2 protein chains.
Amino acid sequence: MVTSVTNSINLTYKQRQVPLHLDISEQLYQRIISGDYLPGAKLPSERELILEFQVSRITIRKAIANLVQQGLAITHQGKGVFVSDRRKVAYNLSDSLIFLAEDLTRQGIELSLQNITFELVTVSKEVQKTLQLKSNNPVAYLQKKLLLIDKVPGCVDITYILPNIGQKLATELEQEMTFPVLERNNFKIDRVEAIIECTNANLELSEYLDVPLGHPLLVYRHTAYTHQNLPLVYGESISRGDRFCYSVSQRRF
Amino acid sequence: MVTSVTNSINLTYKQRQVPLHLDISEQLYQRIISGDYLPGAKLPSERELILEFQVSRITIRKAIANLVQQGLAITHQGKGVFVSDRRKVAYNLSDSLIFLAEDLTRQGIELSLQNITFELVTVSKEVQKTLQLKSNNPVAYLQKKLLLIDKVPGCVDITYILPNIGQKLATELEQEMTFPVLERNNFKIDRVEAIIECTNANLELSEYLDVPLGHPLLVYRHTAYTHQNLPLVYGESISRGDRFCYSVSQRRF
DNA sequence: GTTACCAACTTATTATAACAAGTTGTTAAA
DNA sequence: TTTAACAACTTGTTATAATAAGTTGGTAAC
């Protein structure tokens with residue numbers, strides 16, 4: 001099933017059946033996977049790879065692009081191409097999200113928060129339905145915040161909060177995570193329904209998270225309900241897919 | 001924060017501050033998001049875009065690559081570039097995975113299974129520890145199967161099964177999903193611990209799933225335990241990130 | 001010693017050009 | 001009528017070339 005990829009630089013595309021750039025990126029892939037090039041190490045420069053493989057610059061650049069797309073390398077203009085670190089931090093969904101920050105601190109991870117926006121907005125039909133807002137006046141507080149993990153942007157959080165709650169807790173919400181603030185102010189959450197999915201960074205997200213356009217992202221889209229089954233908040237946590245993952249536990253299977 | 005991207009084709013890179021390809025891909029992005037180009041619709045050909053934007057082919061191709069990386073378009077050699085369908089199918093983790101197939105059928109989705117390999121193998125240190133296998137004889141059944149959703153490859157499942165179970169249930173396991181087979185044969189599962197993460201397709205996965213190299217994938221890496229807290233199976237379900245998502249529910253928050 | 005500048009590296013952008021290869025409809029031969 | 005070949009489209013591969021822009025270390029001026 002897997003196309004055989006071997007060193008066949010001195011054949012034509014026709015004879016090879018595999019593009020040169022793929023042939024080369026697979027060779028570099030093996031060097032990375034085998035540990036020949038370790039995480040953080042610098043790959044040979046374009047100029048050096050051109051000499052090694054005897055191909056044009058455009059081919060080498062396509063080969064490098066293949067590695068970047070597989071999440072194995074990152075490029076830095078003026079510096080070089082580096083093997084990426086493939087370790088990830090886990091968000092634990094088995095416990096309450098109230099203790100997410102403490103959970104990460106316990107793992108030796110420094111979490112800080114940067115408020116981007118906090119304002120009353122007219123929401124989309126989608127959000128209005130989810131938060132069960134009056135359709136003649138569909139407003140809610142929209143908060144966008146940036147989560148810095150060890151001082152590096154790692155997650156953009158977009159949260160819609162019921163108007164009365166948002167107004168009352170504005171000061172606290174702008175400085176802390178949503179769930180601990182709600183808990184402390186006696187807005188008890190009974191249930192969280194969520195979707196976990198993949199996306200790719202558009203221009204806005206790529207700038208907030210300081211990643212290239214199209215970088216893989218992990219989205220946690222959730223709605224939190226009270227014991228009376230009323231929605232309190234709806235939001236999306238959009239994390240760098242190369243740095244984070246979710247841990248879930250299913251009991252009484 | 002967001003770099004302003006406007007029509008500025010007739011300026012130099014220096015004056016523009018934004019690459020031409022990004023300027024163009026953002027204009028096409030807006031046409032897609034606004035619904036001007038609907039899912040499934042064909043984008044103008046490279047030739048037409050070259051005429052419209054008055055730039056070289058390499059720039060148009062980079063602009064299209066930007067859209068593809070954002071998951072908004074797919075290319076077909078000989079046919080054209082098409083707006084992708086962004087709807088997703090949800091795997092429900094709130095219920096038992098025993099009923100996953102039935103759950104999907106209820107949503108009108110046809111699920112079929114194609115066995116790739118089923119064999120006794122010596123496992124890695126990682127798997128040996130997870131399945132608590134004897135370190136002097138770390139063997140288990142390794143099954144790779146392809147899940148077809150509406151006849152299209154959507155998920156590669158890699159499962160390691162305890163030797164005694166794998167041998168006894170070989171025939172059934174090769175034709176059905178793992179969890180229903182275990183349940184029916186009285187290997188009761190009490191608990192599943194899992195990690196959900198993002199990856200990008202390497203060459204092997206891209207060929208199984210018929211997606212381009214680096215395509216975003218969603219990984220569900222799980223270990224299933226009995227009531228006696230003994231591991232039964234360990235596996236990874238690797239799905240197309242553009243087609244699938246996970247639904248989770250957290251109670252007694 | 002400190003600063004400013006510059007040379008030499010790095011990757012990024014963009015153009016032109018030629019050929020390969022997949023798709024589709026038309027046209028000509030059987 | 002069916003089939004085969006081809007023309008005209010599509011995207012994919014690869015080379016060469018020039019300029020832009022980020023990084024780093026050395027060198028000369030202060």
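Predicted model only: the values in this text are computed from it and were never measured. Just so you know, these numbers use all the heavy atoms, side chains as well, and skip hydrogens, waters and symmetry mates. In what follows, chains are A, B, ... by sequence order, proteins preceding strands, each numbered from 1.
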Peer 1: Could you check how far NZ of A/Lys79 sits from P of D/dT23, rounded to whole Å?
Peer 2: 7 Å
Peer 1: For the pair B/Arg31 and B/Glu52, find out whether any cationic side-chain nitrogen is under 4.0 Å from an anionic carboxylate oxygen.
Peer 2: yes
Peer 1: Any side-chain N or O of A/His76 under 4.0 Å from OP1/OP2 of C/dT10?
Peer 2: no
Peer 1: Whole angstroms only, please: what is the CD1-P distance between B/Ile60 and D/dG12?
Peer 2: 14 Å
Peer 1: Looking only at side chains, do A/Asp36 and A/Ser34 share a donor and an acceptor under 3.5 Å apart?
Peer 2: no
Peer 1: My understanding is that only residues two or more places apart in sequence, or in another chain, count here; which of them pass ring pair (Phe, Tyr, Trp, His ring centres under 6.0 Å) with A/Phe118?
Peer 2: A/Tyr141
Peer 1: Hey, are A/Lys144 and A/Glu236 close enough for a salt bridge, meaning a charged N less than 4.0 Å from a carboxylate O?
Peer 2: no
Peer 1: Check whether the side chains of B/Gln27 and B/Asp23 place a donor and an acceptor atom closer than 3.5 Å, and report yes or no.
Peer 2: yes
Peer 1: For a quick check under 3.5 Å, do A/Gln175 and A/Asn115 share a side-chain donor-acceptor pair by atom type?
Peer 2: no
Peer 1: Where the side chain of B/Pro19 is defined as all heavy atoms beyond and including C-beta, which of D/dG12, D/dT13, C/dT13 is the nearest nucleotide?
Peer 2: C/dT13
Peer 1: Measure from CD1 on B/Ile74 to P on D/dT10 and round the result to the nearest Å.
Peer 2: 18 Å
Peer 1: Let me check the geometry of the helix from C/dG1-D/dC30 to C/dA30-D/dT1. What is the bend angle between the axes at its two ends, five pairs each, to 10°?
Peer 2: 10°
Peer 1: Quick one: is C/dT13 close enough that its OP1 or OP2 comes under 4.0 Å of any side-chain N or O from B/Thr59?
Peer 2: no
Peer 1: If only side-chain N and O atoms count, and only distance matters, is there a donor-acceptor pair under 3.5 Å linking B/Ser239 with B/Tyr91?
Peer 2: yes
Peer 1: Which residues, if any, of residues 37-47 of chain A bring a heavy atom under 4.0 Å of DNA chain D?
Peer 2: none
Peer 1: Using a cut-off of less than 4.0 Å, is there contact between a side-chain N or O of B/Arg61 and OP1 or OP2 of D/dG12?
Peer 2: yes
Peer 1: Could you tell me how far apart B/Gln77 (CD) and C/dA20 (P) are, to the nearest whole angstrom?
Peer 2: 13 Å
Peer 1: Rounded to whole angstrom units, what separation is found between the CZ atom of B/Arg57 and the P atom of D/dG12?
Peer 2: 8 Å
Peer 1: Starting at atom CG of A/Leu22, determine the distance to atom P of D/dG12, rounded to an integer number of angstrom.
Peer 2: 14 Å
Peer 1: Measure CG/B/Leu20 against C1'/D/dA20 and give the value in whole Å, please.
Peer 2: 13 Å
Peer 1: May I ask you to check whether B/Lys145 and B/Thr178 show a side-chain donor-acceptor distance below 3.5 Å?
Peer 2: yes
Peer 1: Quick one: A/Ile50 CD1 to D/dT16 C1', roughly how many Å, whole number?
Peer 2: 11 Å
Peer 1: Out of the candidates B/Leu22, B/Asn66, B/Leu67, only one should pair with B/Tyr29 under the side-chain contact (heavy atoms from CB on, under 4.5 Å) rule; please name it.
Peer 2: B/Leu67
